[in-house]
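Note sheet for the following structure.
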Protein chains: 2
Amino acid sequence: MANLLAESLNPLIHEPAPLRNKIMNSLRRAIETGALEPGTRLVEKDLCEKLNVSRTSLREALRQLQAEGILTDLNNRGLTVVTVTRADAENIYRIRGVLEPLIVEQFIENAPDNEVKALKAQSEVLKKAYLSGNAEEIVATKRDFYDRICTGARNPIAFDLLKKLTLLTSPLRRSSVVRKERRSQSIAEIDAIVAAIVNRDKTAAKAAAEKHVANSAVSASSNAFDAS
Amino acid sequence: MANLLAESLNPLIHEPAPLRNKIMNSLRRAIETGALEPGTRLVEKDLCEKLNVSRTSLREALRQLQAEGILTDLNNRGLTVVTVTRADAENIYRIRGVLEPLIVEQFIENAPDNEVKALKAQSEVLKKAYLSGNAEEIVATKRDFYDRICTGARNPIAFDLLKKLTLLTSPLRRSSVVRKERRSQSIAEIDAIVAAIVNRDKTAAKAAAEKHVANSAVSASSNAFDAS
DNA sequence: CCGTTTTGTTTGTATGACAATCATCTGATC
DNA sequence: GATCAGATGATTGTCATACAAACAAAACGG
């Protein structure tokens with residue numbers, strides 16, 4: 001019980017993170033969850049009051065998010081949550097379509113056996129999560145899965161890029177996890193990736209990763225743009 | 001003469017860009033040219049005095065550059081110009097090795113004939129620049145060449161990523177242009193890319209682009225890390 | 001109803017202030 | 001002379017306030 005308590009308190013106690021980082025995380029999460037929809041205008045004074053921070057700190061956080069591409073400049077009239085057009089989405093998925101195979105390739109090159117094993121285990125957890133139906137659990141588990149691959153690939157720069165890119169399309173993907181057909185498809189695709197990784201088969205793994213991205217793309221895209 | 005004068009004054013006259021953007025550009029250029037070497041600590045007060053700006057604006061610019069990865073956090077002790085390790089450099093070139101072929105592919109898909117023609121023309125200019133020997137001219141011309149490809153590819157997001165990635169490795173590449181062997185090699189590689197593009201041959205163009213990145217990688221890497 | 005002026009809102013920039021943190025120097029003690 | 005504690009200083013993090021500039025919307029006059 002002491003463990004549980006410590007675990008739940010640790011993140012909050014004596015958080016030495018600069019305030020602007022907390023602000024960034026807060027805003028990022030809000031965008032990720034849809035609390036801040038694309039196109040929403042961000043008025044500094046309002047945010048200051050809601051977050052209870054000074055304009056100075058808030059603006060620094062905004063600049064950082066702006067540089068990440070999540071917020072976009074609106075003339076001289078402040079910032080808005082970026083609206084990802086269909087063309088943007090296609091471009092993002094094209095990029096992911098080459099970055100994720102690269103990550104998988106580097107995972108095969110650099111990850112020791114125990115990490116491969118752990119990845120396989122995590123893929124089983126993910127499979128169960130897909131079947132269980134809990135959307136939040138799916139998202140969390142999938143994130144863990146991806147983190148393992150990216151960390152194992154020993155390419156933090158690509159990891160960073162992918163995080164930013166996926167955040168950009170999070171508004172598109174939000175409702176996409178729910179669809180049952182896509183779920184079983186995802187399971188098969190992930191199985192293929194993991195299987196190829198276990199065999200240390202780069203070509204197959206890259207192909208599987210690319211296919212997975214391509215399918216995610218049509219799923220997210222049809223979800224966000226075709227629906228009327 | 002009026003033209004020359006206007007050209008050199010234009011960037012300064014009535015620039016409605018926010019001050020922080022000017023600061024960013026100034027710092028970026030300083031890093032690019034080596035005036036600010038990797039590892040240099042950035043002290044806010046000093047920079048304020050040198051640039052004649054307030055700490056508020058400066059800090060916002062710093063946050064933005066930090067988000068771009070050019071500046072890195074040093075504990076709680078301010079910012080430094082990022083030092084690209086050998087591993088980092090390899091990773092960056094791996095990423096460029098998949099992004100640049102993608103861009104070339106999208107150029108073939110999306111660029112109209114007149115842009116292809118203009119690109120070919122620009123490649124001739126670049127070739128001449130390589131032979132002339134003027135380092136600054138080479139860099140400027142090459143940048144123009146790249147800009148054309150990236151713009152023609154209609155993928156501004158990838159363009160943006162590439163700009164940031166290449167800026168990161170600019171300290172490595174700086175002395176690399178000078179070497180004569182690399183120059184003639186570059187000419188051949190770029191010719192191959194352009195030729196494939198003119199033929200609208202995706203496979204060949206991607207292969208040529210990948211090869212070009214790979215060769216740049218060994219050149220920059222041997223230059224920066226192997227030399228003692 | 002349209003064009004102009006006024007007003008209000010919001011961002012951009014600057015200044016001054018203070019707390020917190022970390023580095024370095026200093027001095028006392030053994 | 002070495003080591004440790006405390007004093008000192010430099011630097012960042014955060015805040016409140018102020019004002020100019022740009023822009024939007026409302027008010028006004030024709």
Side-chain angles (χ1 to χ4, degrees), chain A residues 10-31 36-83, chain B residues 10-31 36-83:
Chain A
N10 248 343
L12 291 176
I13 282 184
H14 211 53
E15 209 171 351
L19 185 52
R20 58 171 179 277
N21 287 352
K22 297 185 208 166
I23 300 176
M24 282 176 44
N25 288 333
S26 173
L27 291 175
R28 264 207 219 97
R29 187 156 353 220
I31 292 172
L36 281 177
E37 287 180 20
T40 307
R41 223 183 118 194
L42 299 179
V43 177
E44 296 176 0
K45 199 161 76 73
D46 297 357
L47 287 180
C48 287
E49 285 166 8
K50 276 177 199 155
L51 296 170
N52 222 16
V53 295
S54 75
R55 202 150 81 94
T56 314
S57 296
L58 177 79
R59 281 174 62 92
E60 288 188 18
L62 291 182
R63 293 283 94 78
Q64 216 147 338
L65 294 175
Q66 185 183 357
E68 289 183 10
I70 309 171
L71 304 180
T72 188
D73 209 337
L74 181 47
N75 275 342
N76 289 329
R77 211 81 206 117
L79 299 169
T80 67
V81 178
V82 71
T83 302
Chain B
N10 246 344
L12 291 176
I13 284 184
H14 209 52
E15 210 172 349
L19 186 52
R20 61 170 177 276
N21 287 352
K22 298 184 206 166
I23 300 176
M24 282 176 41
N25 288 334
S26 173
L27 291 176
R28 265 206 220 97
R29 186 154 359 217
I31 292 173
L36 281 178
E37 285 179 21
T40 308
R41 221 183 120 193
L42 300 179
V43 177
E44 296 177 359
K45 198 160 80 71
D46 297 356
L47 287 179
C48 287
E49 283 164 10
K50 277 176 199 156
L51 295 170
N52 221 16
V53 295
S54 73
R55 202 151 79 96
T56 316
S57 297
L58 177 80
R59 281 174 61 93
E60 289 188 18
L62 292 182
R63 293 285 93 77
Q64 215 147 338
L65 294 175
Q66 183 183 358
E68 288 183 11
I70 308 170
L71 304 181
T72 190
D73 210 336
L74 183 46
N75 274 343
N76 290 330
R77 211 83 206 115
L79 298 170
T80 67
V81 179
V82 70
T83 303

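First the proteins, then the strands, lettered A, B, ... as listed; each starts at 1.
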Donor-acceptor list for residues 42-53 of chain B side chains, cut-off 3.5 Å, not counting sequence neighbours:
from    : atom 1 : to      : atom 2 : distance (Å)
B:Glu44 : OE1    : B:Arg55 : NH1    : 2.5
B:Glu44 : OE1    : B:Arg59 : NH1    : 3.3
B:Glu44 : OE2    : B:Arg59 : NH1    : 2.7

The helix from C:dC1-D:dG30 to C:dC30-D:dG1: angle between its terminal axes, five pairs each, to 10°? 0°

Here the distance between atom P of C:dT13 and atom CE of B:Met24, to the nearest Å, is 12 Å

Given atom CD of B:Gln64 and atom P of C:dT13, what is their separation to the nearest angstrom? 11 Å

To the nearest 0.5 angstrom, please state how far the CG atom of A:Leu62 sits from the CG atom of A:Leu27. 6.5 Å

What closest approach, in Å, do B:Ser57 and B:Leu19 show between heavy atoms, and which atom pair accounts for it? OG-CD2, 4.2 Å

For atom CG of B:Asp73 and atom P of C:dT21, their distance in whole Å: 15 Å

Selection: residues 46-61 of chain B, any non-hydrogen atom under 4.0 Å of DNA chain C: B:Ser54, B:Arg55, B:Thr56, B:Ser57

Please confirm whether the shortest side-chain N or O distance from A:Arg77 to OP1 or OP2 of D:dA24 is below 4.0 Å. no

Spacing between A:Arg20 atom CZ and D:dT12 atom P, to the nearest angstrom: 11 Å

Which donor-acceptor pairs under 3.5 Å do the side chains of residues 64-74 of chain B make with protein atoms, sequence neighbours left out?
from    : atom 1 : to      : atom 2 : distance (Å)
B:Gln66 : OE1    : B:Arg63 : NE     : 2.9
B:Gln66 : OE1    : B:Arg63 : NH2    : 3.4
B:Glu68 : OE1    : B:Arg28 : NE     : 3.3
B:Glu68 : OE2    : B:Arg28 : NH2    : 3.0

I need the CD-P distance between B:Gln66 and D:dT12, as an integer number of Å. 12 Å

B:Arg63 has an atom CZ; how far is it from atom P of C:dT13, in whole Å? 16 Å

Just how far, in rounded Å, is P of D:dT12 from CG of B:Leu79? 8 Å

Classify the nucleic acid contact of B:Ile23 as base, sugar-phosphate or nothing, counting any heavy atom under 4.0 Å across all strands shown. nothing

Mind calculating the distance between NZ (A:Lys45) and C1' (C:dT11) to the nearest angstrom? 13 Å

Please give me the minimum heavy-atom distance between A:Ile23 and A:Ala61, naming the atom from each residue. CG2-CB, 3.6 Å

